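As the structure lists them, so they are numbered: ligands from 1, and atoms in each ligand from 1. Keep in mind that what you see is a predicted model, and the values were worked out from it rather than measured.
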Amino acid sequence: MSTRHFLSLMDCSPDELAGLITRAIELKALRRDGVPHDSLRNRVLGMIFEKASTRTRLSFEAGMIQLGGQAIFLSPRDTQLGRGEPVGDSAIVISRMLDAVMIRTFAHSMIEEFAANSQVPVINGLSDDLHPCQLLADMQTFTEHRGPIRGKTVAWIGDGNNMCNSYLLASVQFDFQLNIACPEGYEPQARFLAQAGDRVKLFRDPREAVKGAHLVSTDVWTSMGQEEETARRLKLFQPYQVNQALLDMAAEDVIFLHCLPAHRGEEISLDLLEDPRSKAWDQAENRLHAQKALLEFLIPSARAS
Ligand code: CP
Ligand code: NVA
């Protein structure tokens, strides 16, 4: 059987994704009830981080430990990857010693190249293009608070970045409508827009985009790797701040999500995370549960310990 990877939400079928959300909710309950569950005993995850992280590192590392396994943090500063060892060669060697590899990097093609040469599952922990693990947590959070997202309307406000691209793919896989409001020139990638087809509508005015929305989400205006553009983006994105007044224009039972870290006073108003409609803290915690479900799904349980 060929190795399964998780580089994008499209690497799983809609049924598999639904199964991951169900399993994440089960694993959350097991942890809440103090039931030990070591389905990944003796398994080892490698985590290559070429960009900073709090949630992704912690959730994968804690998740592996809670499932009875271990995680190893690999920084390019301390490995030969950072000194120019080819990605393909690195993947061959690294994957011979581990049971799965998570990668957070810049170019999405780096993760694809690694996966093409890896004999164990590779997980995208964020690239410039996509952040699929975050969408598992987001979908779990919506499901827990409001039930299935199928047929609902989601509004994405702000930058057409890796999170926005991921919401486009989620609209296909979880079957919801997606309204995107972004400044001209900051639209998500055309190939992801094309995949979402008539599920997506583009707006310039965030007030139009949030009308009837059951979920509103946004993200930082300057993603990792774009720091030089910060001043220009700060000015341009001002009309795209999500605040209480904007949420008031959405559906009455709207929830607000933010993948975090947030820049309070920029893409969200200072106290939006304290608004009862914000479920961002649950969303952050769900990274742990959703990724434990993903690790269980990807790492073959039949492999000898
Ligand atoms: N949301 C998210 O991926 O957070 P980190 O950058 O802290 O991992
Ligand atoms: N769009 C952000 C997400 C951080 C979790 C970034 O890529 O920096």
Side-chain angles (χ1 to χ4, degrees), residues 6-9 24 45-64 71 73-76 101-111 123-142 156-170 180-183 186-189 192 215-230 232-234 236-237 240-242 256-264 266-268 272-273 278-292 294-295:
F6 189 68
L7 311 190
S8 143
L9 289 174
L45 171 75
M47 306 186 299
I48 298 171
F49 279 96
E50 296 188 332
K51 286 175 176 169
S53 166
T54 297
R55 279 144 288 267
T56 304
R57 176 175 176 181
L58 206 52
S59 51
F60 272 111
E61 196 161 333
M64 280 304 292
F73 176 78
L74 298 160
S75 146
V101 180
M102 186 241 83
I103 303 175
R104 168 168 287 198
T105 191
F106 295 86
H108 190 74
S109 56
M110 182 273 186
I111 306 184
I123 298 169
N124 178 1
L126 181 145
S127 67
D128 286 346
D129 291 1
L130 293 169
H131 195 4
C133 293
Q134 182 67 54
L135 263 290
L136 295 180
D138 290 23
M139 295 298 102
Q140 179 187 346
T141 309
F142 188 89
W156 178 266
I157 310 298
D159 193 17
N161 61 12
N162 44 10
M163 278 297 299
C164 182
N165 292 333
S166 304
Y167 263 96
L168 281 165
L169 298 185
I180 296 173
C182 58
Y186 293 85
E187 293 83 5
Q189 290 181 26
F192 299 122
L215 164 59
V216 173
S217 192
T218 188
D219 187 13
V220 290
W221 291 337
T222 302
S223 285
M224 290 180 277
Q226 300 172 333
E227 287 75 8
E228 283 177 7
E229 301 172 26
T230 303
R232 185 156 51 90
R233 285 171 169 269
L234 253 178
L236 202 70
F237 280 87
Y240 292 86
Q241 183 187 79
V242 180
F256 171 74
L257 297 180
H258 189 311
C259 65
L260 305 177
H263 287 197
R264 293 176 189 247
E266 294 180 16
E267 78 276 3
I268 55 166
L272 196 70
L273 296 178
S278 171
K279 307 299 176 198
W281 307 131
D282 290 345
Q283 176 190 11
E285 180 193 324
N286 283 340
R287 293 292 305 277
L288 173 69
H289 312 299
Q291 288 157 202
K292 282 164 76 175
L294 178 68
L295 289 163

A student checking ligand 1 against Cys259 at a 4.0 Å heavy-atom cut-off should list atoms 1 (N)

Per-atom filter on ligand 1: closer than 4.0 angstrom to a heavy atom of Thr54 are 5 (P), 7 (O), 8 (O)

Could you walk me through whether Asp219 and Tyr167 pass the side chain to side chain contact (heavy atoms under 4.5 Å, CB included) test, one step at a time? CA-CA 12 Å; Asp219 187 13; Tyr167 263 96; over 6 Å; no

Applying the side chain to side chain contact (heavy atoms under 4.5 Å, CB included) criterion to Ile111, which one of Leu130, Asp129, Thr105 satisfies it? Thr105

Identify which one of Met163, Arg287, Lys279 satisfies the side chain to side chain contact (heavy atoms under 4.5 Å, CB included) criterion when paired with Asp138.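 Single side chain to side chain contact (heavy atoms under 4.5 Å, CB included) partner of Asp138 among Met163, Arg287, Lys279: Met163.
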
Counting only N and O atoms by type, is there a donor-acceptor contact under 3.5 Å from the side chain of [X] to the main-chain atoms of [Y]?
X: Tyr240; Y: Cys182; value: yes
X: Gln283; Y: His258; value: yes
X: Asn162; Y: Leu126; value: no
X: Gln241; Y: Glu266; value: yes
X: Ser166; Y: His131; value: yes

Does any N/O atom on Leu126 come nearer than 3.5 Å to any N/O atom on ligand 1? no

Consider every N or O of Gln134 and every N or O of ligand 1, then say whether any pair is closer than 3.5 Å.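 It does: an N or O of Gln134 is found under 3.5 Å from an N or O of ligand 1.
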
I'd like to check whether [X] has a polar contact with ligand 2, where a contact means an N/O of the residue lying under 3.5 Å from an N/O of the ligand.
X: Ser223; value: yes
X: Asn162; value: yes
X: Arg104; value: no
X: Met163; value: no

Does only the side chain of Asp128 get under 4.0 Å from ligand 2, or the backbone, or both, or neither? Count heavy atoms. neither

To the nearest 0.1 Å, how far is [atom] from its closest protein heavy atom, and which atom is that?
atom: atom 8 (O) of ligand 2; result: Met224 N, 2.8 Å
atom: atom 3 (C) of ligand 2; result: Asp219 OD2, 3.5 Å
atom: atom 6 (O) of ligand 1; result: Arg104 NH1, 2.8 Å
atom: atom 4 (O) of ligand 1; result: Arg55 NE, 2.9 Å

Which class fits the ring pair Tyr186 and Phe237: parallel under 30°, tilted 30 to 60°, perpendicular over 60°? perpendicular

So if I count the atoms of ligand 2 from 1 in the order they appear, which ones are less than 4.0 Å from some heavy atom of Leu126?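 Answer, ordered by atom number: 3 (C), 4 (C), 5 (C), 7 (O).
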
Check Arg287 against ligand 1 and report side chain, backbone, both or neither, counting heavy atoms closer than 4.0 Å.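 Within the 4.0 Å criterion, Arg287 contacts ligand 1 through side-chain atoms alone.
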
Ser59 and Gln291: side-chain donor and acceptor closer than 3.5 Å? yes

Under 4.0 angstrom from ligand 2, any heavy atom of Leu260? yes

Please determine whether the number of non-hydrogen atoms from other residues, nucleotides or ligands lying under 6.0 Å from atom CD of Glu227 exceeds 12.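 Correct, the count exceeds 12.
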
Does at least one non-hydrogen atom of Lys51 fall below 4.0 angstrom from an atom of ligand 1?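 Not so, Lys51 does not reach ligand 1.
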
